[in-house]
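One structure is given below, encoded as structure tokens.
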Amino acid sequence: EVQLQASGGGLVQAGGFLLLSCTASGFTFDDNVIGWFRQAPGKEREGASCTSSTYGSINYVDSVKGRFTISSDNAKNTVYLQMNSLKPEDTAVYYCAASDSGSCYLGSGAVYLYDYWGQGTLVTVSS
């Protein structure tokens with residue numbers, strides 16, 4: 001059974017940091033693209049970052065570039081999202097997801113490329 005477990009969310013003040021983790025099981029981790037998405041209240045789910053060990057690609061949406069860093073530990077089947085300089089607008093439920101599409105794409109419709117989703121972890125940034 002494919003499972004993705006996201007953790008690390010919490011409440012932080014603006015300017016603070018959090019480290020999210022996504023641990024996967026039930027599939028060959030490093031053959032997939034792993035993405036971090038987020039969904040703020042009343043908004044659509046959007047991509048934040050993704051990584052593919054197989055294709056050597058990493059991608060960020062403009063709003064998090066320079067502040068978020070994605071990394072992976074294939075031995076642990078875990079992808080991390082280090083989030084620094086957090087802003088209130090980063091407040092959202094963060095989801096990790098896996099795709100075998102080979103595409104580290106985060107634009108419109110990216111959610112449809114991902115087949116498996118974790119349960120989400122809430123990040124709240126206070127001003």
Practice problem: Locate the shortest heavy-atom distance separating Ser49 from Asn59; write the atom from each residue and the value. | Solution: OG-O, 2.9 Å

Quiz prompt | ILVMFWY cluster, Val61 and Trp117 together (side-chain gap under 4.5 Å) | solution = no

Self-check item: Side-chain donor-acceptor pair present, Ser101, Ser99, cut-off under 3.5 Å
Solution: yes

Self-check item: CA sep, side-chain torsions, deciding dist, call: Leu113, Val111, side chain to side chain contact (heavy atoms under 4.5 Å, CB included)
Solution: CA-CA 5 Å; Leu113 294 176; Val111 295; over 6 Å; no

Quiz item: Any side-chain donor paired with an acceptor under 3.5 Å for Thr78 and Thr23?
Solution: yes

Exercise. Test Tyr80 against Leu19 for side chain to side chain contact (heavy atoms under 4.5 Å, CB included), laying out the working first.
Key: CA-CA 7 Å; Tyr80 304 96; Leu19 176 66; 3.9 Å; yes

Quiz prompt | Main-chain N/O of Ala92 paired to Gln39 side chain as donor or acceptor, under 3.5 Å | solution = no

Practice problem: With side chain to side chain contact (heavy atoms under 4.5 Å, CB included) as the test, would you mind laying out the steps for Ile70 and Tyr60 before giving the verdict? | Solution: CA-CA 9 Å; Ile70 193 169; Tyr60 301 96; 3.5 Å; yes

Practice problem: Could you tell me which residues satisfy side-chain contact (heavy atoms from CB on, under 4.5 Å) with Asp90, sequence neighbours excluded, listed by chain and number? | Solution: Arg38, Arg67, Phe68, Leu86, Lys87, Tyr94, Val125

Practice problem: Please tell me if the side chains of Phe27 and Asn77 come closer than 4.5 Å, counting only heavy atoms from C-beta onward. | Solution: no

Quiz item: Can you find a heavy atom in the side chain of Val123 that is under 4.5 Å from one in the side chain of Thr91?
Solution: no

Quiz prompt | Heavy-atom check, side chain of Tyr114 versus side chain of Cys50, under 4.5 Å | solution = yes

Quiz item: Got a sec, which residues hit ring-ring contact (aromatic ring centres under 6.0 Å, His included) with Tyr95, two or more places apart in sequence or on another chain?
Solution: none

Quiz item: So, do Leu20 and Thr121 sit near enough that their side-chain heavy atoms are less than 4.5 Å apart?
Solution: yes

